[in-house]
Amino acid sequence: MLEASYKMDFNEKKGFICDMDGVIYHGNRILPGVAEFIQWLHEEEKEYLFLTNNSGYTPRELNQKLARMGLDVPEEHFYTSALATAAFLKEQAPGCSVFAIGEAGLLNALYDAGLTMNDVNPDYVVVGEGRTYSLDTLTKATNLVMAGAKLIGANSDVSGPIENGIAPACRALIAPIEMATGKQAYFCGKPNPLMMRTGLRMLHCHSAEAVMVGDRMDTDVISGLESGMSTVLVLSGVSTRETLQTYAYRPSIVLDGVGDIPALAKAAKEK
Ligand SMILES: [Mg+2]
């Protein structure tokens, strides 16, 4: 069942950064072993963050989403590309102003970071996914960038899964502004290692003591690797053993799902 390509003792790790979609749930369905994994994190007093590139939800909404699946994860354990974007802007230009296209998750994060909204002469145009996207907001954003505002994307995902197919995500939504202005956006979410470094700071963890857990080689594993963390690829989501072979890098360990983590940790303790 398990392929321990590299010996890792999870008992020795202090912090865990876990992707959500394909790791914790698929749509509204919780994946096997997740409850045991969360219980283990709590019992062993591990530091942990649940991470998503989706900028639309606030930590409170994510807390409620997991509560509907029977999981109790306090708000402070969620980390989104919206929070990463807000942290980035706060560090780069404290108190700056932004014109933002996105949902509550993004807008709340920007306000909480002390930034102000400005649709006349903002320092930045920030784009996330959401229903406020329209030709009007695109036109507005395009002209603000032409006038000198810097262009920021919450994440560089091109699409995301929905019930009956896929929906264009942030990278695809910001493309018209890039094309019209000739300016390239800067993206703050995964696979930008910046998101992992900020996450590590939130966990008060050094990278060597931390593990990135995800289901995608091209975002989760690469960003964990490039920030110096150990990496776990779980096969409960997008990447498979076959796709794994096509990358020049590999995760520290490949597991069927996060339920294997407490099982391996307990087995290592009993040795
Ligand atoms: Mg995922």
Side-chain angles (χ1 to χ4, degrees), residues 15-35 37-38 41 48-57 59 61-63 65-66 68-69 71 73 77-85 103 105-106 128-129 153-163 165-173 187-196 198-200 210-227 229-244 246-247 249-261:
F16 290 77
I17 300 183
C18 294
D19 175 48
M20 295 175 73
D21 207 349
V23 177
I24 302 299
Y25 52 69
H26 260 314
N28 289 321
R29 187 170 55 87
I30 180 174
L31 290 167
V34 168
F37 175 56
I38 293 174
L41 289 171
Y48 69 94
L49 284 177
F50 283 157
L51 177 142
T52 174
N53 246 0
N54 189 318
S55 68
Y57 299 113
E61 288 163 342
L62 292 169
N63 158 270
K65 181 180 167 100
L66 291 204
R68 286 193 293 273
M69 298 179 196
L71 301 171
V73 178
H77 293 286
F78 293 101
Y79 183 42
T80 70
S81 66
L83 294 171
T85 302
E103 298 277 330
L106 183 62
E129 44 280 291
N155 67 72
S156 54
D157 292 3
V158 289
S159 66
I162 53 167
E163 202 127 334
I166 61 168
C170 192
R171 182 72 189 87
L173 298 175
F187 297 96
C188 297
K190 291 182 297 183
N192 188 338
L194 193 78
M195 189 165 179
M196 300 303 141
T198 313
L200 288 170
V211 185
M212 171 69 205
V213 185
D215 69 311
R216 291 188 72 121
M217 287 294 285
D218 58 349
T219 54
D220 304 320
V221 171
I222 188 72
S223 52
L225 186 83
E226 289 185 351
S227 347
M229 303 163 70
S230 296
T231 54
V232 175
L233 178 75
V234 290
L235 300 174
S236 49
V238 169
S239 290
T240 63
R241 274 185 211 283
E242 287 67 48
T243 55
L244 175 58
T246 65
Y247 291 89
Y249 50 89
R250 65 174 181 84
S252 312
I253 190 168
V254 181
L255 302 174
D256 287 333
V258 287
D260 291 343
I261 293 176

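Keep in mind it's a predicted model, so treat the numbers as computed, not measured. Count residues from 1 along the sequence. Remember, it's 1-based here, ligands and their atoms both numbered in the order they're listed.
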Checking only N/O/S atoms, does Asp220 have one that is under 2.8 Å from the Mg ion (ligand 1)? no
side-chain contact (heavy atoms from CB on, under 4.5 Å) for Ile261 and Val211? Distances and angles first, verdict last. CA-CA 11 Å; Ile261 293 176; Val211 185; over 6 Å; no
Considering only N, O or S atoms, which atom of Asp21 is nearest to the Mg ion (ligand 1)? O
When you look at Thr231 and Arg250, which way does the side-chain contact (heavy atoms from CB on, under 4.5 Å) test go after all the steps? CA-CA 9 Å; Thr231 54; Arg250 65 174 181 84; over 6 Å; no
Row for the Mg ion (ligand 1): angle OD2 (Asp19) to OD1 (Asp215), 10° precision, value 80°
For the residue pair Lys65 and Tyr25, would you count it as a cation-pi contact if the rule is NZ or CZ under 6.0 angstrom from the ring centre and within 45 degrees of the ring axis? yes
Can you name the nearest heavy-atom pair linking Asp218 to Tyr249, along with the distance? CA-OH, 3.7 Å
